[in-house]
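Heads up, the thing below is written out as structure tokens.
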Protein chains: 2
Amino acid sequence: MKRDSRLSGVLHVLLHMAEQGEPMTSEQLAKAMQTHPVVIRRILGGLRDAGFVHSEKGHGGGWTIAKDLADITMRDVYDAIGRPSLMAMGNRTEAPGCLVEQAVNAALDTGFREAEALLLARFGEVTLAALAADFHARMAARSLSPTAQEHIHG
Amino acid sequence: MKRDSRLSGVLHVLLHMAEQGEPMTSEQLAKAMQTHPVVIRRILGGLRDAGFVHSEKGHGGGWTIAKDLADITMRDVYDAIGRPSLMAMGNRTEAPGCLVEQAVNAALDTGFREAEALLLARFGEVTLAALAADFHARMAARSLSPTAQEHIHG
DNA sequence: GTTTCATGTAACTTTAAATAGTGCGTGAAA
DNA sequence: TTTCACGCACTATTTAAAGTTACATGAAAC
């Protein structure tokens with residue numbers, strides 16, 4: 001399957017915005033993420049509607065964080081991008097008439113629901129502030145290391 | 001993403017084989033699952049290599065279960081088909097140089113690993129015998145119901 | 001006010017992975 | 001020796017994500 005990387009991508013973008021402090025354009029963010037500006041606008045669209053980011057048109061415009069990083073969890077972000085399916089596997093047929101398949105689906109669904117619930121709970125425990133703190137810790141570790149590199153993207 | 005239904009499919013096939021008692025050809029199984037015989041051979045190939053089913057060529061040939069249903073778990077079946085990825089979401093980039101992305105990936109991976117572990121543990125708890133029992137319970141329930149239908153596949 | 005910059009959005013195209021299908025080879029039973 | 005059924009390599013189709021193009025809207029600069 002082709003794995004969905006929108007959540008990973010949007011978290012990445014949000015942290016870069018937070019680091020910057022001032023408005024960043026879709027083009028700047030796209031360059032940082034090695035993707036297309038329209039892709040950025042698309043994935044940030046849901047975040048804007050949810051009130052997590054703000055966008056401004058025209059000169060000096062761009063994207064800014066609209067909330068404190070400590071008040072945004074990965075779960076919030078996941079919800080804002082439309083709750084894409086988390087499980088790579090599904091049932092062959094939904095609502096099958098075959099009783100064998102119903103039994104199989106029931107067993108699989110039970111496991112999938114539990115795993116999803118666990119994952120969402122974990123997402124709810126991690127704020128963007130925590131991610132930013134982790135990033136800063138990595139920065140500090142890298143600058144201390146003898147093989148420290150100057151660039152942030154590579 | 002296109003969700004993988006091989007596990008669902010192979011479990012379905014195995015239970016039908018178990019119900020039948022005698023060898024079933026790929027064509028019969030394909031008809032029951034509304035798919036192509038080659039697809040059946042493909043998904044059963046791993047199960048044969050793992051020793052869970054046996055295949056016989058020529059007249060009277062076909063597929064049979066090679067172990068007691070109580071000795072095969074959904075986890076076994078999952079392993080036998082090659083442990084396809086369970087999570088629909090992944091990281092934008094593996095081994096990124098960007099420290100922001102490293103922080104994001106680390107947080108996401110932690111959640112994914114926990115969810116996968118839970119799911120696999122649940123799979124390990126469910127035997128094919130349990131699935132067959134569930135199927136028989138559904139059969140009984142249907143035959144008692146006023147809107148009982150004769151067909152098994154629909 | 002008009003030019004420039006930047007987002008908003010609706011298409012369309014490309015790409016990756018699952019699934020479906022074809023053809024031919026092999027081996028066993030009738 | 002014919003028929004049946006699996007084994008396997010290869011190709012085709014399908015689906016959803018990701019990338020791209022095109023154009024409209026609105027705000028700041030001049």
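Letters go in sequence order (proteins before strands), and every chain restarts at 1.
Rounded to whole Å, atom C1' of dT19(C) lies 12 Å from atom CZ of Arg92(A). Taking atom NE2 of His36(A) as the reference point, atom P of dT15(C) lies 14 Å away to the nearest angstrom. The interatomic distance linking Ile81(B) (CD1) with dA18(C) (P) rounds to 11 Å, in whole Å. Between the CD atom of Glu22(B) and the C1' atom of dA29(C) there is a distance of 16 Å, given to the nearest Å. For Glu27(A) and dG19(D), the CD to C1' distance is 15 Å, given to the nearest whole Å. Residue Asn91(B) contributes atom CG, which lies 17 Å from atom P of dA17(D) at whole-angstrom precision. The nearest whole Å value for the distance from the CZ atom in Arg6(B) to the C1' atom in dT15(D) is 15 Å. The nearest whole Å value for the distance from the NZ atom in Lys31(B) to the P atom in dA5(D) is 13 Å.
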Using the rule given for side-chain hydrogen bond (donor to acceptor under 3.5 Å, both in side chains), can you reason through Arg41(B) versus Ser26(B), listing the C-alpha separation, both sets of side-chain angles and the distance that settles it, and then say yes or no? CA-CA 6 Å; Arg41(B) 296 195 190 111; Ser26(B) 304; 3.3 Å; yes
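Which of dG21(C), dT21(D), dG7(D) sits closest to the side chain of Val38(A) comes down to dT21(D).
Note that CG of Leu15(A) and CD of Glu101(B) are 10.5 Å apart. Values are rounded to the nearest 0.5 Å. Interatomic distance, Lys67(A) NZ to Ile72(A) CD1, rounded to the nearest 0.5 Å: 6.5 Å. Thr35(B) OG1 to Arg92(A) CZ: the interatomic distance, rounded to the nearest 0.5 Å, is 7.5 Å. To the nearest 0.5 Å, atom CZ of residue Arg83(A) and atom CG of residue Leu120(A) are 8.5 Å apart. Remark: Trp63(B) CH2 to Leu44(B) CG distance equals 5.0 Å, nearest 0.5 Å. Here the straight-line distance linking atom NE2 of His16(B) with atom CD1 of Ile65(B) works out to 12.0 Å at 0.5 Å rounding.
Judged by distance alone, the side chain of Thr73(B) and the main-chain N or O of Thr127(B) form no donor-acceptor pair under 3.5 Å.
Scanning both residues, Glu22(B) and Thr64(B), for their nearest heavy atoms gives C-CG2, 4.3 Å. Ser55(A) approaches Arg48(A) most closely through the heavy-atom pair OG-CD, 3.4 Å.
Note on Arg113(B) versus Asp109(B): no salt bridge recorded, every NZ/NE/NH1/NH2 to OD/OE distance being 4.0 Å or above. Checked for salt-bridge contact, Glu125(A) and Arg122(A) meet the test: a charged N lies under 4.0 Å from a carboxylate O.
Taking only side-chain nitrogens and oxygens, Ser5(A) comes nearer than 4.0 Å to OP1 or OP2 of dA18(D). In this structure, Thr35(B) does not reach the dT19(C) phosphate: none of its side-chain N or O atoms is under 4.0 Å from OP1 or OP2. Side-chain nitrogen and oxygen atoms of Ser26(B) include none within less than 4.0 Å of the OP1 or OP2 phosphate oxygen of dA5(D). The phosphate of dG8(C) (OP1 or OP2) has a side-chain N or O of Ser55(A) nearer than 4.0 angstrom.
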Output one line per pair: protein atom, nucleotide atom from nucleotides 26-30 of chain D, and distance, for all N/O pairs under 3.5 Å.
residue: dG26(D); atom: O4'; partner: Lys57(A); partner atom: NZ; Å: 3.3
residue: dG26(D); atom: N2; partner: Gly58(A); partner atom: N; Å: 3.1

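Stretches of at least 3 consecutive Watson-Crick or G-U wobble pairs, with each checked distance under 3.5 Å, appear in DNA chain D as C:1-30 with D:1-30.
Within residues 39-50 of chain B, the residues approaching DNA chain D are Arg41(B), Arg42(B), Arg48(B), by heavy-atom distance under 4.0 Å.
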